[in-house]
Amino acid sequence: MDTLEVKDTICAISTPPGVGGIAVARISGHQAIEVAQRIWQGRSLAELPTHRASLGTVLDDQGAPLDQAVATVFRSPGSFTGEDVVELSVHGSRYVQQALIASLISAGARLAEAGEFTRRAFSSGRMDLAQAEAVADIIASESKAAHRIAMTQMRGRFSERLRSLRDRLVDLSCLLELELDFSEEDVEFADRAQLLSLATEIKTEVDRLAASFRSGQAIKNGIPVAIIGPTNAGKSSLLNALLGDDRAIVSDIHGTTRDVVEDTIYISDYQFRLMDTAGLRSTTDAIESIGIDRSRRAAERARIIIYVVDSTNPQPIDLPPTDAHILIALNKSDLVAQAPSPAPESNPSVVGQAPSPAIPISAKTGSGLDALKSALAALASEAESGQESVLVTNERHYQALTAASESITRAIAGMSSGLSGELIAQDTRLTIAHLSSILGDIPSSEILSTVFSRFCIGK
Ligand SMILES: Nc1nc2c(ncn2[C@@H]2O[C@H](COP(=O)(O)OP(=O)(O)OP(=O)(O)O)[C@@H](O)[C@H]2O)c(=O)[nH]1
Ligand SMILES: [Mg+2]
C-alpha cells in the first residue's frame, strides 16, 4: 500500500480528445462527491446510492448552467480506484469538456496525471502492478488477440501463476533457512535431491514464461512478416493484393523495390506487419545492395517469412538460416497451365523449417490468397496457444523473469555443487524478489517473515 501519498481529489476527461457524442469526466478521491456536488444541480450526489446514475445540470466556474449531464457515483471501496468516484457524462463538445474541467478545478479538484486513476487502483490494493499494466494494454490493443491477452492479464491469470511460483519458492526458501538454523544439530528437513528437483521445476516454469515473450510481444505489436524472394517474383504485387491497395510500386523491371515497404493487415484475430522487401540477387548497383541488406535485416526481424517464388521461373531458395516460420508462395500460378510444380530445390537450412507445403497463389488474380491468409492465421494462433496458457507481453515482466531465471539457476548450481546453504538461500530470496517485482509487491523482510512464519512453525 502506498500510504505516504497524499490522496487529493483528481479529475480528467476519460474519453478521447476531440468531439464526440458524449464525453466523460472522472473525479476520484475522498472529496470526489463533495467536489462534484459544488458544480451540480439536481438530486444530491451525497444521497445517491453507489453505482447509481442521476440526470442533472453541471455548472461552469461562474455558476452558470453548462450542460445537461448524467452523474454516476461509485463509492469507496467498490470503485475502479478504490476511492469515491463520480463520473459526469456531458455532451462531447470541446468547449463543454474544457469548461467542465475548469469548473471541477475551481471546485477543488486537481487535474490527474497520466495513468493516475490506475495508479490509485494499484495503491489501494484493487489490483496488482501486472493487472494495472494490463489496463494500459487493453486500451492500446489493436487486435482481438492482443485484447484477449491483455484481458487474461487484467483478470489476474498471469498474476496467479506468478504467485503460485512465488509460494513454492517461499516453501523452498523456508526449508533452506530451517536447515541453516539447525545445521549444527544435523537435522535434515528435506534431502538435497528433493530441493533440487523443486528448484528445477520452478526454473522450468519461469523459463517457459520468459520464452513466451517473443510470441506475446509479436501478437501485441503486430506479427512481423517479411515478404522475401528473388527480383520480379511478385513480392510487391503480393503485398498490394493482401492489403487490397496499391501500396508498393510494381513493374516488370528486376530490382524495382529498393526500400522496405511496411503496412499492417488484420487476419482472423491477429494483426500482421507486412514488410515488402527488395528482391534478392547479386548486383553491382550500390543502392540496390543497400536495399538487399535491408531485406536480410527484415528477414531477421520477422517471425514469419513469405518466400515468393516465380512459378514460371523457379530458382533454388536462397535464405540465410532463420528461426522464423517460412511459408513458400508459388506466385503467378495463373501463368502455369498444369498443377503447380513442386517446391523448387531449397537449401537445407530452410527445408527443415518449412514444414508446410508450398502454396500456389496468383497476386494478379487473387487465387490462393485465402489459403495463404489461413496459413498466416494458423501460425499466429499456434504462437498464441503454443507452450503457455499465459503469454508475457511486457518488457519489464520479461526482464524480471530473466533475472529470476538467472538467480534460481545459481541456486540450483549451488545445490548441485554443495555450496553453502547461506548463498543458496540468498539466491532463492532474490528470485522471490524478482517475481514479486512484477506484481509490484516487493516483499520487505517483515512480509517475508510473516509468510515464513506461516510455513515454518516454531521459527
Ligand atoms: N501473370 C502474373 N503476373 C504477376 C503476378 N504477380 C506479379 N506479376 C508481375 O510480375 C512483375 C513483377 O512484379 P513485382 O510485384 O514488381 O515483383 P517484385 O518481386 O516486387 O520485384 P522486385 O521489387 O524487383 O524485387 C510485374 O510485371 C507484375 O505485374 C501474378 O500472379 N501473375
Ligand atoms: Mg518489389
Side-chain angles (χ1 to χ4, degrees), residues 223-243 247-258 260-263 265 267 272 274-283 288 291-379:
I223 300 164
V225 179
I227 305 176
I228 304 281
T231 54
N232 225 42
K235 300 178 296 299
S236 303
S237 308
L238 175 61
L239 174 81
N240 291 347
L242 287 171
L243 294 174
R247 180 75 173 80
I249 300 171
V250 166
S251 90
D252 59 3
I253 301 165
H254 288 251
T256 299
T257 304
R258 298 296 176 93
V260 176
V261 180
E262 203 172 319
D263 216 326
I265 52 164
I267 304 171
F272 295 88
L274 296 179
M275 296 177 274
D276 174 32
T277 65
L280 305 174
R281 66 165 175 176
S282 42
T283 177
E288 193 179 354
I292 292 174
D293 249 14
R294 292 188 176 193
S295 303
R296 296 199 183 276
R297 268 184 278 141
E300 282 165 19
R301 280 207 308 280
R303 298 277 289 158
I304 301 173
I305 290 173
I306 303 179
Y307 193 90
V308 183
V309 174
D310 182 343
S311 314
T312 63
N313 178 25
Q315 308 282 324
I317 291 175
D318 169 32
L319 259 185
T322 168
D323 62 356
H325 289 275
I326 295 161
L327 295 172
I328 296 172
L330 299 172
N331 192 31
K332 308 192 187 180
S333 63
D334 54 295
L335 295 180
V336 286
Q338 73 282 51
S341 52
E345 217 179 286
S346 313
N347 75 32
S349 69
V350 169
V351 169
Q353 295 153 22
S356 31
I359 304 167
I361 62 160
S362 167
K364 189 175 174 186
T365 67
S367 92
L369 291 187
D370 282 345
L372 184 61
K373 286 185 189 172
S374 305
L376 286 171
L379 287 176

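Every heavy atom of this structure was used, including side-chain atoms; hydrogens, water molecules and symmetry mates were not. Keep in mind the model is a prediction, meaning the values are calculated, not measured.
Between Ala329 and Ile361, the shortest heavy-atom distance links the atoms CB-CD1, 3.8 Å. Nearest heavy-atom pair, Thr256 versus Ile253, reported as atom, atom and distance to 0.1 Å: OG1-O, 2.6 Å.
One distance of note links CD1 of Ile227 with CD of Glu262; it measures 10.5 Å at 0.5 Å rounding. Distance check, rounded to the nearest 0.5 Å: CD1 of Ile292 to CD1 of Ile228 gives 11.0 Å. To the nearest 0.5 Å, atom CG of residue Asp276 and atom OG of residue Ser237 are 8.5 Å apart. Atom CZ in Arg258 sits 10.5 Å away from atom CD1 in Ile249 (nearest 0.5 Å). Taken to the nearest 0.5 Å, the OG atom of Ser282 stands 9.5 Å off from the CD atom of Glu288. Note that CG of Leu330 and OG of Ser362 are 12.0 Å apart. Values are rounded to the nearest 0.5 Å.
Side-chain atoms of Ser311 come within 3.5 Å of backbone N or O of Asn331 as a donor-acceptor pair. Counting only distance, with no hydrogens or angles, the side chain of Thr277 and the backbone of Val260 share no donor-acceptor pair below 3.5 Å.
Remark: Asn313 engages Gln315 in a side-chain hydrogen bond (donor to acceptor under 3.5 Å, both in side chains) (not counting sequence neighbours). Among residues two or more places apart in sequence or in another chain, the salt bridge (Lys or Arg N to Asp or Glu O under 4.0 Å) test is passed with Asp263 by Arg247. For Thr231, the side-chain hydrogen bond (donor to acceptor under 3.5 Å, both in side chains) partners at least two apart in sequence or on another chain are His254. When the side-chain hydrogen bond (donor to acceptor under 3.5 Å, both in side chains) test is applied to Thr257, the partners found at least two apart in sequence or on another chain are Ser236.
Screening residues 226-235 for salt bridge (charged side-chain N to carboxylate O under 4.0 Å, His left out), with sequence neighbours left out, gives no hits.
When side chains are defined from C-beta on, Ile223 does not count as touching Leu379, because their heavy atoms never get closer than 4.5 Å. Using a 4.5 Å heavy-atom cutoff, the side chains of Ser295 and Leu280 are in contact. Between Ile265 and Leu243 the shortest side-chain heavy-atom distance falls below 4.5 Å.
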Contacts under 3.5 angstrom, residues 297-308 side chains, donor-acceptor by atom type, not counting sequence neighbours:
| residue | atom | partner | partner atom | Å |
| --- | --- | --- | --- | --- |
| Arg303 | NH2 | Ser215 | OG | 2.8 |
| Tyr307 | OH | Asp318 | N | 3.3 |

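Residue Arg294 qualifies as open at atom CZ: its count of foreign heavy atoms under 6.0 Å is 12 or below. In Leu335, the CG atom is crowded: over 12 heavy atoms of neighbouring residues, nucleotides or ligands sit closer than 6.0 Å.
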Item to complete: Assess whether side-chain contact (heavy atoms from CB on, under 4.5 Å) is satisfied between Leu238 and Leu369, documenting all intermediate values.
Response: CA-CA 9 Å; Leu238 175 61; Leu369 291 187; 3.6 Å; yes
